[in-house]
Student: 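Sharing a structure with you now.
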Amino acid sequence: MFAAATLALLATLTLVLVRALAGPTVFDRVLAGNTIGTVAVLLLAVIGFLGGRPDFLDLAIVYALLNVIATIAILKFFEFGSLGDPEEPEEQD
Amino acid sequence: MSALLDGLSWVCLLAGGAFCVVGAVGMLRMPDLFTRMHAASVVDTLGAGLILFGLLLQAPSWQVGAKLAVIMVLLVFTSPAATHALAKAAVARGLKPQLDKTGDESSSS
């Protein structure tokens, strides 16, 4: 049962990886990266159950948080050109 | 009773896996970014929700179930926010959704 879910998730991972490589714009790659993060969280949870190791779920929680923060940081960089300069004050556009 | 739980988690896990694959195929076949985001949200919502619910039924103790519930709540709150930020960034950088059927990347405004 868990093996079937793992196989489906691995298939999803390869399909999304193809989109990440082929994505014309950078935002396609960010979208694919976000989806890869979510699938990785699911893989961690399912393999944790497959191997009888419930502590994998802690990794899945941390990875879900990191995935969102990374996506938001990448988007901020690509939208505003930089992650903000600590010296000069934030201009009100 | 446990046979019912096993059967239900079998169905949930397989359905979740199927939705993940369908969402991923949608991400490959959709013409432009904004429709791909629509397909990717299928993976985030239904695929993740069904798989985590299937695991929830198999949770050996309440701690494991609580962790799975935390992951579900996290995904419910964070994936829409990330997708919204992605759409905002794409529109801010001038990526317009492709409205007409001509299939060219930059639709005439």
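A note on names: the letters A, B, ... follow the listed sequences, proteins ahead of strands, and every chain is numbered from 1. Please read all numbers here as calculations on a predicted model, not as lab measurements. Worth knowing before you read on, the calculation uses all heavy atoms, side chains too, and leaves out hydrogens, waters and symmetry mates.
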Student: Using a cut-off of under 4.5 Å on heavy-atom pairs, state which of I74(A), I61(A), T38(A) scores highest against chain B.
Tutor: I61(A)
Student: Count I, L, V, M, F, W, Y as connected when their side-chain heavy atoms are under 4.5 Å apart, and connections chain through other members. Are V39(A) and L74(B) then in the same cluster?
Tutor: yes
Student: Rounded to the nearest 0.5 Å, how far does CG of L86(B) lie from OG1 of T71(A)?
Tutor: 8.5 Å
Student: Which distance, rounded to the nearest 0.5 Å, do you find between the CD of Q63(B) and the CG of L57(A)?
Tutor: 11.5 Å
Student: Can you say whether V18(A) sits under 4.5 Å from chain B via the side chain, the backbone, both, or neither, judging by heavy atoms?
Tutor: both
Student: Is there a path of hydrophobic side-chain contacts, each under 4.5 Å between heavy atoms of I/L/V/M/F/W/Y residues, joining L46(B) to M30(B)?
Tutor: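 No, separate clusters.
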Student: What I'd like to find out is whether the side chain of L42(A) reaches to under 4.5 Å of the side chain of C20(B), using heavy atoms alone.
Tutor: yes
Student: Which atom names give the shortest non-hydrogen contact between L75(A) and A85(B), and what distance separates them?
Tutor: CD1-C, 3.5 Å
Student: Considering only heavy atoms and a distance below 4.5 Å, find which of V16(A), V46(A), T35(A), D28(A) pairs most often with chain B.
Tutor: D28(A)
Student: In Å, rounded to the nearest 0.5 Å, how long is the span from CZ of F49(A) to CG of L56(B)?
Tutor: 8.0 Å
Student: If we define contacts as heavy-atom pairs under 4.5 Å, which of I71(B), L75(B), V25(B), T83(B) has the most with chain A?
Tutor: I71(B)
Student: Among residues 4-12 of chain B, which residues come closer than 4.5 Å to chain A, judged by heavy atom distances?
Tutor: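 Residues D6(B), S9(B), W10(B) are the ones that qualify, each having a heavy atom under 4.5 Å from chain A.
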Student: Which one wins on heavy-atom pair count under 4.5 Å against chain A: G17(B), G16(B), A89(B)?
Tutor: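 Max contact count across the listed options: A89(B).
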Student: What part of L14(B) gets closer than 4.5 Å to chain A, counting heavy atoms only: side chain, backbone, both or neither?
Tutor: side chain
Student: Quick check on the interface: out of N67(A), L65(A), L31(A), who has the most heavy-atom pairs with chain B under 4.5 Å?
Tutor: L31(A)
Student: Side-chain contact test, heavy atoms from C-beta onward, threshold under 4.5 Å: evaluate it for T25(A) versus R93(B) and give yes or no.
Tutor: no
Student: Please state whether the side chain, the backbone, both or neither of L28(B) comes within less than 4.5 Å of a heavy atom of chain A.
Tutor: both
Student: With side-chain contact (heavy atoms from CB on, under 4.5 Å) as the test, would you mind laying out the steps for L9(A) and I51(B) before giving the verdict?
Tutor: CA-CA 10 Å; L9(A) 286 174; I51(B) 284 182; 3.9 Å; yes
Student: Tell me if the CZ atom of F56(A) is crowded by more than 12 foreign heavy atoms within 6.0 Å.
Tutor: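 Check passes, neighbour count above 12.
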Student: Quick one: pull up CZ in R19(A) and CZ in R29(B) and give me the separation to the nearest 0.5 Å.
Tutor: 11.5 Å
Student: At a heavy-atom separation under 4.5 Å, does V22(B) approach chain A through its side chain, its backbone, both, or neither?
Tutor: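 Neither part; nothing is under 4.5 Å.
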Student: Using 0.5 Å steps for rounding, measure from the CZ atom of F19(B) to the OG1 atom of T12(A).
Tutor: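 Between atom CZ of F19(B) and atom OG1 of T12(A) there are 12.5 Å.
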Student: Which bit of V70(B) is near chain A, if near means a heavy-atom gap under 4.5 Å: side chain, backbone, both or neither?
Tutor: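 For V70(B), the contact with chain A is made by the side chain alone.
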Student: For the CG atom of L15(A) and the CE atom of M27(B), what is their distance to the nearest 0.5 Å?
Tutor: 9.5 Å
Student: Between V42(B) and L13(A), is there shared hydrophobic-cluster membership here, with clusters defined by ILVMFWY side-chain heavy atoms closer than 4.5 Å?
Tutor: no
Student: Give the cluster check for L50(B) versus L43(A): same hydrophobic cluster or not, with ILVMFWY residues linked at side-chain heavy-atom distances below 4.5 Å.
Tutor: no
Student: Give a yes or no on whether L13(B) and L7(A) share a hydrophobic cluster (residues Ile, Leu, Val, Met, Phe, Trp, Tyr; joining criterion: side-chain heavy atoms under 4.5 Å apart).
Tutor: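 No.
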